[in-house]
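This report concerns only the one structure given below.
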Amino acid sequence: SNAKIVRTWGGWSDKCADGVPVIGAVNEIPGLYAACGFSGHGFGIAPGAASQLAKLIATGETDVDLYELRYDRFKAKI
């Protein structure tokens with residue numbers, strides 16, 4: 001009860017359920033690509049993520065394997 005609050009923060013945290021970002025195509029919507037879920041680390045990895053996403057959109061290929069970052073990893077496995 002005697003604690004002095006110096007500062008606070010409130011806001012939205014862009015984080016996926018598994019803590020890993022999504023980078024790649026959203027197959028259900030042709031032409032839609034996502035780069036999200038960086039949970040505050042986007043500032044540091046944005047240049048690399050943007051570079052690979054741009055290359056994926058332009059050529060269909062990337063320099064690194066983005067498989068583990070795919071959007072559909074959250075789909076129910078039947």
Side-chain angles (χ1 to χ4, degrees):
S1 67
N2 294 327
K4 180 179 177 185
I5 298 173
V6 177
R7 71 180 63 91
T8 62
W9 179 88
W12 186 261
S13 179
D14 177 27
K15 184 177 178 183
C16 293
D18 60 1
V20 178
V22 168
I23 304 175
V26 177
N27 295 327
E28 294 85 356
I29 304 172
L32 178 63
Y33 292 80
C36 57
F38 294 105
S39 69
H41 301 286
F43 180 79
I45 62 177
S51 171
Q52 293 307 299
L53 190 59
K55 186 168 185 173
L56 178 64
I57 293 168
T59 69
E61 298 178 2
T62 58
D63 297 324
V64 296
D65 183 5
L66 298 179
Y67 181 78
E68 297 297 328
L69 305 177
R70 70 197 183 286
Y71 171 78
D72 66 359
R73 72 180 188 264
F74 298 108
K75 286 187 175 179
K77 304 196 177 26
I78 306 173

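Within 6.0 Å of the OH atom in Y67, the count of heavy atoms belonging to other residues, nucleotides or ligands does not exceed 12. Environment of CD in E28: crowded, with over 12 heavy atoms of neighbouring residues, nucleotides or ligands closer than 6.0 Å. Annotation for F38: atom CZ counts as buried by contact number, over 12 foreign heavy atoms lying within 6.0 Å.
When all heavy atoms of V26 and A34 are compared, the pair lying nearest together is CG2-CB, 4.1 Å. In terms of heavy-atom proximity, C16 sits nearest to C36 at SG-O, 4.5 Å. Closest approach of L53 to A35, counting heavy atoms only: CD2-CB, 3.8 Å.
A distance of 8.5 Å separates CG in L32 from OH in Y71, rounded to the nearest 0.5 Å. In this structure, I23 CD1 and E68 CD are separated by 12.5 Å, a value rounded to the nearest 0.5 Å. Note that the CD1 atom of I57 and the OH atom of Y33 stand 6.0 Å from one another [nearest 0.5 Å].
Formation of a donor-acceptor pair under 3.5 Å by the R73 side chain with backbone atoms of L69 is found in this model. The backbone N or O of G37 lies less than 3.5 Å from a partner atom in the side chain of D14, making a donor-acceptor pair.
Linking ILVMFWY side-chain heavy atoms closer than 4.5 Å, directly or via other members, places L66 and V20 in a single hydrophobic cluster. Criterion: ILVMFWY side-chain heavy atoms under 4.5 Å apart, direct or through other members. Under it, V64 and V22 are not part of a common hydrophobic cluster.
Inter-residue side-chain proximity for D63 and K55 is flagged as met; some heavy-atom pair is nearer than 4.5 Å.
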